Amino acid sequence: MSEKSVKRYTVTAALPYVNGPKHIGHLAGAYIPSDVYARYLRLMGKDVVFICGSDEHGTAIPNQALKEGTTSKAIIDKYDALIRDCFHKLGMSFDIYHRTSEPIHHQTSQEIFLNLYNKGLFTEETSEQYFDEEANVFLADRYIVGTCPTCGHTNAYGDQCEKCGSTLSPRELINPRSTLSDKPPILKPTKHWYLPLENYEPWLREWILKSHQQDWKPNVYGQCKSWIEEGLQPRAMTRDLDWGIKVPLPDADGKVLYVWFDAPIGYISATRALFDEVHSGNLKFATPQRKFENVGKEDWKKYWQDEDTRLIHFIGKDNIVFHCIIFPVMLKATGEFIVPDNVPANEFMNLEDDKMSTSRGWSIEMHEYLEDFPDKPDVLRYALLTNLPEAKDSEFTWKDFQAKNNNELVAIFGNFVNRAVVLTQKYFEGRVPVQKDLSDLDKKALADLKDFPVKIAASIEAFRFREATANFIDLARTGNKYLAETEPWKLAKTDLDRVGTILNVSLQIAASLSIVGEPFLPFTSRKLKDLLGVSDLSWQQAGNADVLKAGTLLTEAPLLFEKIEDAVIEAQVKKLFDKKRTMELESQPANPAKAEVTFDEFSKMDIRIGKILKAERVEKSKKLLKLEVDTGIDKRTVMSGIAEHFSPEEVIGKQVTILVNLAPRKIMGVESQGMILMAEDKDGALKLVAPASDVTAGAGVR
RNA sequence: GGCGCGGUAGCUCAGGUGGUUAGAGCGUUGGAUUCAUAACCCAAAGGUCGGGGGUUCAACUCCCCCCCGCGCUACCA
């Protein structure tokens with residue numbers, strides 16, 4: 001909430017990464033709130049652009065292509081089309097949904113990179129990276145697999161072990177091998193360009209910690225503070241990869257921009273493309289949601305460079321560091337761009353008691369929902385809106401989805417509209433009756449009506465979308481209450497004028513519902529406007545007592561919503577569990593065999609059965625136990641990363657298998673003399689490996 | 001382990017800068033009603049505000065410690 005005068009708004013929604021479908025958690029995190037915000041601003045008559053698009057670079061795209069046995073281009077085309085279609089069907093009102101694979105984005109990204117390069121803002125650094133000699137390429141983290149040092153999983157990726165979730169760097173992997181050739185990679189020096197984030201720390205402190213302490217959400221502010229206080233590091237802005245945007249420098253063959261460098265620039269290139277397309281009249285990606293008049297090709301600059309533009313990024317909590325630290329530093333460093341006014345990041349939405357995850361099959365993907373409920377985009381929007389993870393992780397359940405539909409959309413909103421319309425048809429042949437003398441109840445209802453748009457607007461502007469949605473449904477409640485109090489059906493025989501006034505007031509409420517409900521339920525709003533015979537109205541008209549003109553003919557009343565039966569909900573829950581089970585079975589093949597070894601090589605390993613004599617926790621370590629083991633030869637100290645699986649008490653006295661001639665190594669200041677062997681279960685659980693019955697300590701294993 | 005965000009009625013969640021009987025929706029129970037998709041409307045029951053200290057005339061709200069959930073980060077031969 002800066003004090004600058006706001007002339008226009010640039011609203012962005014996180015660019016979905018197109019390595020797969022996106023689920024309803026993504027909708028709740030960024031897309032639904034951003035759409036409500038953008039629609040609201042348009043209704044207010046504000047100058048706004050709403051920007052989104054597909055994020056199509058990075059190592060995970062080629063990786064997914066490999067998995068699906070196809071090309072990177074095919075992957076991005078497939079998922080871009082899928083996600084684009086889902087967003088459209090869910091009513092996402094982007095002015096443009098662009099793609100980072102488009103030439104104009106490559107151009108914009110390279111321009112910004114060169115801008116920083118020419119200012120001398122990058123540092124160049126050469127480091128040793130894994131290189132596949134056979135394929136003749138540097139290996140991105142994801143293309144290197146090896147044994148996870150944490151859990152022993154033999155197929156951990158170079159950036160992360162999917163089994164235990166540890167964040168890794170490729171150098172940590174044991175027995176690394178290239179996924180391209182299945183050969184061990186070699187280390188080879190390579191040069192990269194780094195953005196020294198630490199140079200911007202004073203500015204970040206001033207900009208975020210001081211000037212946005214009040215208006216940024218606690219979760220966002222806290223996360224930024226955490227990053228800044230931990231000490232910022234130089235961050236590589238380039239990668240060795242053949243999929244992405246070429247580094248626009250002469251000595252940079254085989255190097256591309258880091259996906260997190262180019263992705264947020266996608267917002268800018270999309271805006272640029274929007275004005276390009278509207279200017280030329282040749283709309284390819286642009287879907288302008290309002291009149292853009294007398295548009296110049298360079299008008300995009302106003303939305304990114306003028307100080308009187310308010311820039312808002314809607315994202316999920318996983319993107320905070322990029323949108324609050326790295327991208328703003330990039331923008332600031334150019335000296336030409338504005339930085340975000342606010343980044344209202346949401347937390348995560350859980351599903352039926354567990355984290356949502358596409359890869360684990362525990363998710364409701366957008367396209368899955370739309371296949372099963374093609375005529376109910378608004379019901380999903382509403383169910384998500386009433387339970388957005390605004391301050392903490394929230395929970396989506398199918399039962400709650402059903403309840404929100406049946407008890408609120410059907411019973412309160414739909415029912416109110418239906419009551420007003422049916423009564424009007426019954427007593428006034430479907431024409432809006434005249435408003436005559438107002439009773440106290442009428443005046444009270446109209447006064448309440450007047451307040452709602454103000455309250456709802458305040459909530460939306462403060463990014464409190466749940467509250468805004470609750471206020472909206474409360475307006476329908478007010479309508480029901482008004483009908484219950486005035487009981488027009490009882491007066492029909494005695495005082496038709498009075499009935500007319502009551503129904504006029506009721507229909508005015510319905511008309512306002514169609515206006516203020518538009519950001520939340522755009523499809524229903526359209527239906528309701530058609531039913532009432534009103535055209536598109538501005539937010540300012542909402543709350544007025546004369547939105548509907550007397551005499552207007554209402555159309556036959558279609559029901560706005562229908563009940564969802566228990567069987568439908570039960571089927572969805574079953575489908576969810578079935579999907580998870582299928583994915584589990586599919587994604588858990590036994591690890592492939594390692595490279596062949598000779599008997600001599602194997603014989604070098606001195607593996608024995610030992611007995612654990614002592615075990616204690618290691619101070620300041622979550623995963624380590626310090627063990628004293630009787631190896632039969634001696635008693636020695638072994639550090640073992642099993643503290644999350646065993647308590648010290650339960651391992652004391654146990655026989656274990658130990659590699660005794662492993663070179664000693666200091667861990668947490670203690671010398672570890674050997675390694676305890678573990679069996680790792682499919683779920684990552686560790687088990688001690690011991691003989692079926694006790695043997696003498698020191699017995700060899702061969 | 002360090003840092004950040006959370007831990008409020010059966011459920012999902014609100015509760016700026018501390019101040020009368022702690023709120024909403026759903027669910028439950030009772031009542032009223034029939035225009036409406038057995039919907040609506042009214043009312044009630046239901047909480048030692050994670051636990052323990054402290055500051056204060058007064059704390060859900062401020063400070064300290066502990067426990068639990070989530071996230072980032074480190075150790076992991």
Side-chain angles (χ1 to χ4, degrees), chain A residues 147-152 161 164 166-168 172 174 214 217-231 317-318 320-321 347-348 350 355 386-397 399-400 403-404 406-412 414-427 462 464 466-467 469-471 473-474 476-477 479-492 499 502-503 506 557 559-563 617-625 638-644 659 662-669 672-677:
Chain A
T147 303
C148 173
T150 304
C151 67
C161 173
C164 66
S166 317
T167 309
L168 304 171
E172 293 176 279
I174 307 159
Q214 296 306 316
K217 293 170 56 166
N219 57 336
V220 177
Y221 182 87
Q223 196 58 242
C224 291
K225 191 171 174 203
S226 180
W227 273 86
I228 294 169
E229 306 269 322
E230 268 178 42
K317 68 174 164 185
D318 51 330
I320 291 174
V321 63
E347 300 286 300
F348 286 157
N350 294 325
K355 278 186 217 191
T386 51
N387 208 11
L388 292 177
E390 289 179 335
K392 58 184 172 191
D393 289 355
S394 69
E395 175 89 13
F396 179 96
T397 64
K399 194 168 170 295
D400 184 62
K404 290 279 159 58
N406 291 359
N407 302 335
E408 299 181 25
L409 292 177
V410 173
I412 296 173
N415 186 36
F416 167 66
V417 170
N418 189 239
R419 294 170 83 182
V421 171
V422 166
L423 286 167
T424 303
Q425 275 158 350
K426 197 160 173 177
Y427 302 123
R464 292 198 294 257
R466 299 167 59 123
E467 184 180 87
T469 310
N471 277 326
I473 203 75
D474 256 354
R477 273 201 182 87
N480 276 319
K481 189 177 169 126
Y482 174 68
L483 283 179
E485 283 167 350
T486 52
E487 301 182 307
W489 50 90
K490 283 189 177 168
L491 304 170
V499 175
I502 292 167
L503 290 181
S506 300
L559 296 173
L560 295 181
F561 302 98
E562 60 184 13
K563 287 197 133 193
R617 292 191 191 283
V618 178
E619 192 122 340
K620 296 196 171 187
S621 172
K622 207 154 64 182
K623 299 186 179 177
L624 284 176
L625 286 187
V638 177
M639 301 292 273
S640 186
I642 58 172
E644 289 179 315
L659 178 59
L662 181 67
R665 172 154 173 170
K666 266 201 172 181
I667 300 167
M668 299 288 287
S672 179
Q673 303 158 309
M675 176 173 165
I676 306 294
L677 305 187

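Predicted model, so just to flag it, every value in this text is computed and none were measured. We name chains A, B, ... by the order of the sequence lines, and we start the count at 1 in each one.
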Peer 1: Hey, does E395(A) reach any base, or is it just sugar-phosphate, or nothing, if we go heavy atoms under 4.0 Å?
Peer 2: sugar-phosphate

Peer 1: Would you indicate what T397(A) reaches in the nucleic acid, counting non-hydrogen atoms under 4.0 angstrom: base, sugar-phosphate, or nothing?
Peer 2: nothing

Peer 1: So, OP1 or OP2 of C42(B): does either fall under 4.0 Å of a side-chain N or O from K481(A)?
Peer 2: yes

Peer 1: Rounded to the nearest angstrom, tell me the gap between atom CD in E229(A) and atom P in G2(B).
Peer 2: 16 Å

Peer 1: Minimum heavy-atom separation for C224(A) and I320(A), please, with both atom names.
Peer 2: SG-CG2, 4.1 Å

Peer 1: Could you tell me how far G50(B) sits from C68(B) if I compare only their C1' atoms? Round to whole Å.
Peer 2: 7 Å

Peer 1: Counting any heavy atom closer than 4.0 Å, what does E408(A) reach on the DNA or RNA strands: base, sugar-phosphate only, or nothing?
Peer 2: sugar-phosphate

Peer 1: Kindly give the heavy-atom pair with the smallest separation between A492(A) and Y427(A), and that separation in Å.
Peer 2: CB-CE2, 3.3 Å

Peer 1: What is the minimum heavy-atom distance between E390(A) and K217(A), and which atoms define it?
Peer 2: O-NZ, 2.8 Å

Peer 1: To check you understand the geometry: which heavy-atom pair defines the closest contact between V638(A) and G674(A), and what is its length?
Peer 2: CG1-O, 3.4 Å

Peer 1: Is K399(A) near enough to G10(B) that one of its side-chain N or O atoms lies under 4.0 angstrom from OP1 or OP2?
Peer 2: no

Peer 1: How would you label the contact of R464(A) with the nucleic acid (heavy atoms, under 4.0 Å): base, sugar-phosphate, or nothing?
Peer 2: nothing

Peer 1: Expressed in angstrom and rounded to an integer, what is the separation of I320(A) atom CD1 from C5(B) atom P?
Peer 2: 11 Å

Peer 1: Summarise how protein sits on nucleotides 28-39 of chain B as a single string, 5' to 3': B when a protein heavy atom is under 4.0 Å from the base, S for sugar-phosphate-only contact, - for no contact.
Peer 2: ------SBBB-S

Peer 1: Any side-chain heavy atom of E408(A) sitting closer than 4.5 Å to one from F561(A)?
Peer 2: no

Peer 1: So that I can compare with my own list, what are the stems of RNA chain B, taken as at least three consecutive Watson-Crick or G-U pairs with distances under 3.5 Å?
Peer 2: B:1-7 with B:67-73, B:10-13 with B:23-26, B:28-31 with B:41-44, B:50-54 with B:62-66

Peer 1: Whole-Å distance between C5(B) P and D318(A) CG?
Peer 2: 18 Å

Peer 1: Counting N and O atoms only, with roles assigned by atom type, does the side chain of N219(A) sit under 3.5 Å from a partner on the main chain of K392(A), one being a donor and the other an acceptor?
Peer 2: no

Peer 1: Which atom names give the shortest non-hydrogen contact between S394(A) and N387(A), and what distance separates them?
Peer 2: OG-O, 2.9 Å

